[in-house]
Number of protein chains: 2
Amino acid sequence: MHDVARAAGVSLATVDRVLNGRPGVRAATTERVEEAIKSLGFSRDLNASLMARSRNLKVVFFIPDGSNEFMDSLAEAVTRRAGPTLADRMHLETQRIRALDTGALAAGLDALDPRTCDCAVIVTSEEPDILAAVDSATRRGIAVMTLVSDLPGSNRRHFIGVDNVAAGRTAASLLGRFLPQGGQVAVIAGSLHLRDHLERLEGFRQILSADFSDIELLGPLEGHDERAETEALVSKLLAENPGLSGIYNLGAGNAGLVSALKSSGRAGKLRVIAHELTAPTREGLHFGAIDVVLDQNPDGEIREAIAAARSLALGAARHVATDPIEIGIFLRDNLR
Amino acid sequence: MHDVARAAGVSLATVDRVLNGRPGVRAATTERVEEAIKSLGFSRDLNASLMARSRNLKVVFFIPDGSNEFMDSLAEAVTRRAGPTLADRMHLETQRIRALDTGALAAGLDALDPRTCDCAVIVTSEEPDILAAVDSATRRGIAVMTLVSDLPGSNRRHFIGVDNVAAGRTAASLLGRFLPQGGQVAVIAGSLHLRDHLERLEGFRQILSADFSDIELLGPLEGHDERAETEALVSKLLAENPGLSGIYNLGAGNAGLVSALKSSGRAGKLRVIAHELTAPTREGLHFGAIDVVLDQNPDGEIREAIAAARSLALGAARHVATDPIEIGIFLRDNLR
DNA sequence: TAGGTCATGAGGCACGTACCTCAATTTTGA
DNA sequence: TCAAAATTGAGGTACGTGCCTCATGACCTA
């Protein structure tokens, strides 16, 4: 800061006012300071800054509540990181929001006080009231990031998630190789209104039609990400199609999938691919009912979200670069 | 530190002497201070500490040089991290050491000055002179970590690497599902003297004999991780075994594997699994000569090494906890 | 008992930033 | 043109730690 002040011909106090957006600086002076910052390649020291304020960087994660096990593992990942990141003056808080309750999420965002919260991370579908709440939070000086599913058209500063089209392609590519003789494969989605499910389906179809024309696609069927509904659906599917050779469940409800496979007595005889490494899919892998699980890597997503929050806290940078999240592929044999 | 000093009934200076292992403190006093530290749960602030010394935390990576592309990607991962970590007062340096030149590695370790280097990360095989160099560096106060391959029996503070047995199991599990009719599968290793190769082979055999008894195993053959040798080996293999249905190359030399497959005209007709995502394996995936690549995740390894170095710099902690490195599984369809 | 050694306390400066006050200077508006 | 308002400078304290000096007092040995 001394160097910047000298280069711009101003005092430390003025540099401080510019850096922290405090009033009392003429536009021309601000410009001189910003030029000096750029030409010196100065970048503020987040750790020293937090120390000087004797304040932690606070990030609030809004994660859907309900019966979705993947969301639970996201929340657990936040909890796991909370200890270590505290040493770097970051305070992570988790708020569970009733699934699909956009009003509650909007209210949560509105309640954030910019004096105590620097960054909010939300998992949400695209809804107009969320869009408004994100913009309001941004105006108040809280950086908002989207996780898992993006919110295009909003003022969110960053998005972190996997490439779902690639996930669908990968599922097709594996199933195609698992079934060299061809056969019938059923696709089960949670809902065809969900962007991520649609993207996975798109990728799956792409590769199946391009590379594995011997495979006939059945569905997609909708299980609404629920255990009971998915179980009924799969039981019916298995009963009506004795020749079925594979299933790709690109949604949730895996507990139902596994129990239907078990009770049909055909677990292990069909090739099955599912999403997200959770208790039911782990069990499915372990007992051979599921062959492969594609995982969004919740730990990686939380890790990158935290890294992005630190970059955003440094202020200026309009665009933040993070490592892409890789899709995890799990068989019984490489389970953590 | 004030709280600790008060609780122990000593001055700040004495706490500082204890924390930094400086002389001039009676054993009884040291004990009082350490008790106060434990009962208060005090842990020093690495960022403030580095700032006070106006010094960066220096980590030197010793990475084998030569034609091994995986080692190159490790080095690139270090370079990628160097910028961002500098903001956290970490200075990363890479030294490439001629492959298998244990003398050079030992000399490199011996040349480290504890005043300018806090931590060394080495990739090495098990050799007595390396063991001695590691112990000497540790005595001088430099924390040594092993990467990729461990050095049991040494004073290394931490090991970071993947579970190679699990990698072998995963390869077998995939190949087994790729070949539901059974068939002949050849295994190619770099050298049966390398611990990681042996572990992969062990895992591969485990699963093949347990779950896929229709598959006949050919080999292991040794390609010594070299392009030309591997190419000759695979060409001969393909010529002599017209019925071969799969290949698992658990070593390097993938450029040779791919070109042998191409020139035999059987690329895409055999199921092929290889290791490490590098230029030749990417090309193999892209053109269908390789079906799956198992990757050690060099970026993840470097990330965890850096995190571990920070923990080690905090001193006391005898044991450091890091996230396990997951094996990456790549098909053409989820390439980064 | 004198002289020496060792353990400890007290306090200062430094690191890079935040944020405060007060005074001095410049700009603005009527 | 002059007072009021806005802008800027100067300098202080703080954050948690490292590292230095100097003084003091306890203990040991000859």
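Excluded from the calculations below are hydrogen atoms, water molecules and symmetry mates; all remaining heavy atoms, backbone and side chain alike, are included. Remember, predicted model here, so these are calculated numbers, not experimental data. Residue numbers start from 1 in every chain, and the chains themselves are labelled A, B, ... in the order their sequence lines are given, proteins ahead of strands.
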Sugar-phosphate only, base, or nothing, as touched by A:N47 at under 4.0 Å among non-hydrogen atoms: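 The answer is nothing, as A:N47 stays clear of every strand by at least 4.0 Å.
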Sugar-phosphate, base or nothing in reach of A:S43, heavy atoms under 4.0 Å: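 Sugar-phosphate only.
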What is the distance from [atom1] of [X] to [atom2] of [N], rounded to the nearest Å?
X     : N      : atom1 : atom2 : result
A:M51 : D:dT17 : CE    : P     : 8 Å
A:H2  : C:dA18 : NE2   : P     : 13 Å
B:E31 : C:dA7  : CD    : P     : 16 Å
B:N56 : C:dG16 : CG    : P     : 11 Å
B:L12 : C:dA7  : CG    : P     : 20 Å
B:D16 : C:dG9  : CG    : C1'   : 13 Å
B:N20 : D:dC20 : CG    : C1'   : 13 Å
A:I37 : C:dT17 : CD1   : C1'   : 13 Å

For the student: nearest non-hydrogen atoms of B:N47 and A:A87, plus distance: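 Reported closest heavy-atom pair: ND2-O, 4.3 Å.
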Hey, is the side chain of [X] poking within less than 4.0 Å of OP1 or OP2 on [N], counting only N and O atoms?
X     : N      : value
B:S54 : C:dC15 : no
B:R44 : D:dG18 : yes
A:S49 : C:dG16 : no
B:R22 : D:dC19 : yes
A:T29 : D:dT7  : no

First encountered from the 5' end of DNA chain D, between A:V25 and B:L19: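 That would be A:V25.
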Which nucleotide in the list [options] gets nearest to the side chain of [X]?
X     : options                : result
B:A52 : C:dC15, D:dA10, D:dC19 : C:dC15
B:D45 : D:dT17, D:dC19, C:dG16 : D:dT17
A:R26 : D:dT8, C:dT8, C:dC15   : D:dT8
B:A13 : D:dG9, C:dG9, C:dT8    : C:dG9

B:R17 or B:R53, whichever maps to the more 5' nucleotide of DNA chain C: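 This one resolves to B:R17.
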Earlier contact from the 5' end, DNA chain C, for B:R32 and B:A48: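 Its nearest nucleotide lies further toward 5', so the answer is B:R32.
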Salt bridge (Lys or Arg N to Asp or Glu O under 4.0 Å): pairs with one or both residues in residues 119-134 of chain A, sequence neighbours excluded: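 Matches after skipping sequence neighbours: A:E126-A:R195.
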Salt bridge flag under 4.0 Å for residues A:R310 and A:D118: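 Salt bridge: no.
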Check: A:I142 and A:L109 side chains under 4.5 Å, non-hydrogen atoms: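 Sidechains of A:I142 and A:L109: no contact.
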pair B:T85-B:H91: side-chain heavy atoms closer than 4.5 Å: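 No, every pair of side-chain atoms sits at 4.5 Å or beyond.
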Heavy atoms of other groups near B:R22 CZ, more than 12 under 6.0 Å: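 Atom CZ in B:R22 is crowded, with more than 12 foreign heavy atoms closer than 6.0 Å.
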